[in-house]
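Hydrogens, waters and symmetry mates play no part in the numbers below; they use all other heavy atoms, side chains included. Throughout, protein chains are lettered first and strands after them, A, B, ... in sequence-line order, and every chain is numbered starting at 1.
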There are 2 protein chains.
Amino acid sequence: MLNYQLDQTFAALADPTRRAMVERLVTGPATVSELAAPLPMSLPAVMLHLKVLEKSGLVQSEKAGRVRTCRIEPRMLSQAENWVADRRAMWERSLDRLGALLDSPENET
Amino acid sequence: MLNYQLDQTFAALADPTRRAMVERLVTGPATVSELAAPLPMSLPAVMLHLKVLEKSGLVQSEKAGRVRTCRIEPRMLSQAENWVADRRAMWERSLDRLGALLDSPENET
DNA sequence: CTGATAGTTAAGCATATACTTAAGTATAAA
DNA sequence: TTTATACTTAAGTATATGCTTAACTATCAG
């Protein structure tokens with residue numbers, strides 16, 4: 001019920017800047033500067049977004065020398081995907097039950 | 001790139017109260033009071049969450065007499081699911097390309 | 001060593017979120 | 001027609017979010 005990880009993952013994906021960063025990272029790893037280059041904001045602002053992505057588990061990064069390289073962590077992507085897919089499946093099953101109920105003999109005139 | 005609808009859908013799903021409401025609604029329609037009953041907060045607070053869900057397009061509601069009935073709108077659920085699924089697919093393709101590159105003859109010793 | 005590069009931290013600010021309680025407003029039941 | 005139900009609105013508060021600029025810290029290059 002209380003899934004803190006999901007809170008953070010969905011919250012991370014709710015921001016267009018962070019989705020843009022994810023879009024970049026699904027094509028391969030990138031440095032902080034490379035992530036920031038196309039974004040209309042300061043580098044510290046990008047750092048904050050990166051921190052949110054890392055805390056959610058969607059992104060991991062490591063620093064070598066003075067360069068920090070960021071990469072996607074696909075497990076969290078799957079977790080978010082699965083939560084939504086599961087709920088959509090539940091909804092479809094409940095529709096099926098409704099259909100079966102309406103088709104059942106007890107509902108004939 | 002700028003998908004306002006997705007912002008709102010992911011933001012809506014980022015809150016555990018609202019996910020609980022969605023979980024309830026995928027099993028079938030419910031009134032505001034039914035949605036509120038299991039939740040540890042006041043009715044006006046639930047109304048605010050409902051408003052967020054409606055604005056995102058995940059939930060629709062209509063009032064008959066003094067009762068407002070809420071139901072899931074599965075299209076938005078699909079849209080969120082698809083965004084994540086598509087990005088995961090992109091990530092996998094980029095992994096494949098990397099693999100192909102490492103396997104290619106140019107990389108032999 | 002000296003300077004440029006890549007990132008980081010700090011401080012501050014404006015707006016948005018997630019609630020609360022109190023006071024309504026329709027509708028339906030007795 | 002009084003009273004209860006089901007929601008709705010208003011007003012207020014506390015915390016979180018999304019930025020900014022300025023100042024700082026490590027590298028690495030010449």
Side-chain angles (χ1 to χ4, degrees), chain A residues 1-25 28-71 80, chain B residues 1-25 28-71 80:
Chain A
M1 274 274 125
L2 296 88
N3 196 328
Y4 206 65
Q5 194 84 272
L6 264 188
D7 287 18
Q8 301 193 309
T9 303
F10 282 128
L13 294 176
D15 185 282
T17 298
R18 288 191 294 261
R19 283 204 307 280
M21 291 167 78
V22 168
E23 298 239 32
R24 169 61 188 81
L25 289 173
T31 69
V32 173
S33 305
E34 283 167 355
L35 280 179
L39 299 175
M41 68 188 63
S42 68
L43 198 62
V46 174
M47 290 289 298
L48 292 179
H49 284 299
L50 179 60
K51 220 165 254 174
V52 172
L53 285 167
E54 290 209 60
K55 211 176 157 202
S56 78
L58 282 167
V59 167
Q60 283 198 346
S61 75
E62 70 182 301
K63 199 165 177 180
R66 57 185 166 168
V67 176
R68 178 173 295 280
T69 303
C70 310
R71 63 192 70 250
Chain B
M1 276 276 126
L2 296 87
N3 196 330
Y4 205 66
Q5 194 84 273
L6 264 188
D7 287 17
Q8 300 194 310
T9 303
F10 282 127
L13 294 176
D15 186 282
T17 298
R18 288 190 294 262
R19 281 202 308 279
M21 293 167 76
V22 168
E23 298 239 32
R24 168 60 188 83
L25 289 174
T31 68
V32 173
S33 304
E34 284 168 353
L35 280 179
L39 299 174
M41 67 188 63
S42 67
L43 198 61
V46 174
M47 290 288 299
L48 291 180
H49 284 299
L50 179 59
K51 218 164 254 173
V52 172
L53 285 168
E54 291 209 61
K55 212 175 158 205
S56 78
L58 281 167
V59 167
Q60 282 197 348
S61 75
E62 69 183 303
K63 199 165 179 178
R66 57 186 165 166
V67 177
R68 178 172 295 279
T69 303
C70 311
R71 63 191 72 250

**Q** Which heavy atom of A/Ser61 sits nearest a heavy atom of A/Arg68, and at what distance?
**A** OG-NH1, 2.9 Å
**Q** Figure out the CE/P separation between B/Met41 and C/dT17, and round it to whole Å.
**A** 16 Å
**Q** For B/Val52, check side chain to side chain contact (heavy atoms under 4.5 Å, CB included) against everything at least two apart and list the hits.
**A** B/Ala12, B/Arg18
**Q** Tell me, please, which residues at least two apart from B/Arg66 pass side chain to side chain contact (heavy atoms under 4.5 Å, CB included).
**A** none
**Q** Please report the interatomic distance CG(B/Asn3) to CD(B/Gln8), rounded to the nearest 0.5 Å.
**A** 10.0 Å
**Q** Atom pairs, N/O to N/O, protein against nucleotides 13-17 of chain D, distance under 3.5 Å?
**A**
none

**Q** As an exercise, state the distance from OG1 of B/Thr17 to CG of B/Leu53, rounded to the nearest 0.5 Å.
**A** 10.0 Å
**Q** For the side chain of A/Arg24 and the backbone of A/Pro38, is there at least one donor-acceptor N/O pair under 3.5 Å apart?
**A** no
**Q** Identify the stems formed by DNA chain D, where each pair is Watson-Crick or G-U wobble with both distances under 3.5 angstrom and a stem is at least 3 consecutive pairs.
**A** C:1-30 with D:1-30
**Q** Can you list, in residue-number order, the parts of residues 43-51 of chain B that come under 4.0 Å of DNA chain C, counting heavy atoms only?
**A** B/Pro44, B/Ala45, B/Leu48, B/His49
**Q** Under 4.5 Å between any side-chain heavy atoms of A/Val59 and A/Met21, yes or no?
**A** no
**Q** On a heavy-atom basis, which atom in A/Ala80 and which in A/Leu6 lie closest, and how many Å separate them?
**A** CA-CD2, 4.1 Å
**Q** Side-chain contact test, heavy atoms from C-beta onward, threshold under 4.5 Å: evaluate it for A/Leu58 versus A/Leu13 and give yes or no.
**A** yes
**Q** Using a 3.5 Å distance criterion without hydrogens, assess whether the side chain of A/Arg71 forms a donor-acceptor pair with backbone atoms of A/Gln60.
**A** no
**Q** Map B/Thr31 and A/Ser42 onto DNA chain D by nearest heavy atom, then report which one ends up closer to the 5' terminus.
**A** B/Thr31
**Q** As an exercise, state the distance from CG of A/Leu35 to SG of A/Cys70, rounded to the nearest 0.5 Å.
**A** 5.0 Å
**Q** Is there a side-chain contact between A/His49 and A/Leu39 in this structure, where contact means two heavy atoms from C-beta onward sitting under 4.5 Å apart?
**A** no
**Q** Mind checking the CG-CG spacing from A/Asp15 to A/Leu48? Nearest 0.5 Å is all I need.
**A** 11.0 Å
**Q** Would you jot down, in residue-number order, the residues of residues 58-70 of chain B having a non-hydrogen atom under 4.0 Å from DNA chain D?
**A** B/Lys63, B/Arg66, B/Val67, B/Arg68
